[in-house]
Amino acid sequence: MEKSAMHWADVLADQLLKEKKKHVLATGITPSGPIHIGNMREILTTDAVYRSIIEKGGNADFIYIADDFDPLRKVYPYLPKSYEKYVGKPISEIPCPCGEHKSYADHYLTSFLNSLKEIGVNPHVYRANEMYKNGEYNEAIQIALENTDKIREIIEKISKRKLPKGWLPFNIRCEKCERMTIAKPVLYEYPIIEYKCDCGYEGEVDIRKGGVGKLPWRVDWPARWKMLGVTFEPCGKDLATVGGARDTGAKIVEEVYGYPHPALLVYEFILLKGEGAMHSSKGTALSGEEMLKMTPPEVLRFLLMKNQPGKHIVFDSGLGLLNLVDGYDKEERVYFGVEEETKGMKDLRKTYELSQPHNISKTIPYQLPYRHLVTLIQIGENWDEVKKILLRTGQIPKDLKKEDEKHLKQRTEHVRYWLNKFAPDIVKFEVTKKIPKINLTEEQKAFLSIMHEKIRDIKWEPEEIHNAIYEISEEENLQIKTAFKTIYQIILGQEKGPRAGYFLSNLDKKFVLERIAEAIK
RNA sequence: GGGCCUGUAGCUCAGCUAGGUAGAGCAUCUGGCUUUUAACCAGGUGGCCAAGGGUUCGAAUCCCUUCAGGCCCGCCA
């Protein structure tokens, strides 16, 4: 039997396809803070399974439920103190922290939805606050209240938590203080719940009216599985703990809502190298948006696609990122048959295909080593400048395809962001506008003056420049190390720099000559 | 206390889904290149697959036990 590797997304898709029906793949994220990379894993995992099902000819929907009716739990460290007064109110009704969005929830959601576009994920978006307000939840709420005892029993038994006397599976929203967290039910008789709020107000709500309260998390989740017909949903391992929301949810959806629980794939966390787990509340979180700004979208997808969801991933935002991109580029070359496969490239074809945000290119995209872009973007400020250099040095053809240019441009933008925020100092440099203040030895000056003569006549190409430097130092009996150092000193004001031949060839020849002339003046 | 992940070459890790001769990169060594922002090219060395047991014709891979590390267990991915 030939062993053909199968990608995890195909394995999951096949499992779902055993049931010939329409599948609803769901993701749910509460936009109560910066949406971090873990959410990316949830959404990309689902996207992978969704794509696999579609590819196999199955019928599926990919939905995303933003729980923007969730109350603000506390004033998170990244919020101003003034938000104290909003604690307990739904995040869709709290003002936006930056003032540019419709609400607090929109502030974080918009950024995330934009990120989704870039990584090529396009789910149908549902908003919990709308669903509650327009009454879509009404039936589920009524069923939950009718089954209060059963739900209570399930939660107490499975989660080993004690619920207070008189508890109802419904968080009432106080009409006076508008908080959803402090009103206590006094009496429920369909369709009215009488309540007493800690703010002092006593009143009653009619559950036939939408938006008067919310199902608690452990009930809300199973309720929407049933409402939306969810058949698959990944969840983080924190929720998957024994007695957690996954366990109680599975039981509640079956016994209360009479709906089979969806396949609940557990995925591991993404750890930030050197930082450990990411916690939005501790400020070590890397927002999904941020992550995407420093990583080309296809590479971010690649990272998640090549790892099974159950494996934790350590993300290195330093030099490791460059290796990751190199790994992707190599996989791309193998995919297009330009390079031979090395062992250990797992499920290569599928991984590559799933890594594409949009269409799979028919021919191999134009590749430039990513590390080279790191150098180039520090010489030219932006893509236009970099493009000029690339054209002048013949590193890209004059008739570069539009999509290739778009791709390279996008990559330079990611490199730029990475350099500004995450790159270690070792890879950073700046071509100074004026000659740096340095004291050169006579030896160094002699070297430079010969170099000035010599390079005037050579072809402005890496190898030629490289050779010239060696020849001069040999003739002058100068340590080659000193030669390189001198070059970096007069151009960058530091003692080390990118590989000199390539580096200088990417600079304008005239500029280099002028700089040398100035240095030996 | 419970759960999940991890343990494979000196280091970082593939390979484990569906069992079939142990793999890469880095480091090291040899040769080439006059040494540079992880230099490059060609080749070599290097592993009782954490330990023990089981299933099997056959186990790094499946099952059980143990050990070690990481993470999670109000809300949270």
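In the text below, chain A, chain B and the rest are named by the order of the sequence lines, each starting its count at 1.
- Separating the C1' atom of B/U66 from that of B/C73 is a span of 24 Å, rounded to the nearest Å.
- Of the C1' atoms belonging to B/A59 and B/C48, the separation is 14 Å, rounded to the nearest Å.
- Contact annotation: A/Y488 does not reach the phosphate of B/U37 (side-chain N/O to OP1 or OP2, under 4.0 Å).
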Dump every N/O contact between nucleotides 7-12 of chain B and the protein below 3.5 Å, one line per pair.
none

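- With salt bridges taken as basic N to acidic carboxylate O contacts below 4.0 Å, one links A/R127 and A/D106.
- Taking the salt bridge (charged side-chain N to carboxylate O under 4.0 Å, His left out) definition, one finds that A/K421 meets it with A/E290, sequence neighbours left out.
- On a pure distance criterion of 3.5 Å, no polar donor-acceptor pair joins the side chain of A/K237 and the base of B/C5.
- A/R411 and A/E298 are joined by a salt bridge, as a carboxylate oxygen and a charged side-chain nitrogen come within less than 4.0 angstrom of each other.
- With distances taken from any side-chain atom of A/N307 to the nucleotides B/C75, B/A14, B/U35, the minimum falls on B/A14.
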**OP:** Whenever both distances are under 3.5 Å in a Watson-Crick or G-U wobble pair, mark it; put RNA chain B into dot-bracket that way, with [ ] for crossing pairs and | when the partner is on another strand.
**Re:** ((((((((.[[[[.)....(..]]]].(((((.......))))).....[[[[[..)....]]]]])))))))....

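- When the C1' atom is compared between B/C33 and B/A39, the two are found 11 Å apart, to the nearest whole Å.
- Distance noted for atom C1' between B/U17 and B/G25: 25 Å (whole Å).
- A gap of 12 Å separates the C1' atoms of B/G58 and B/U21, to the nearest Å.
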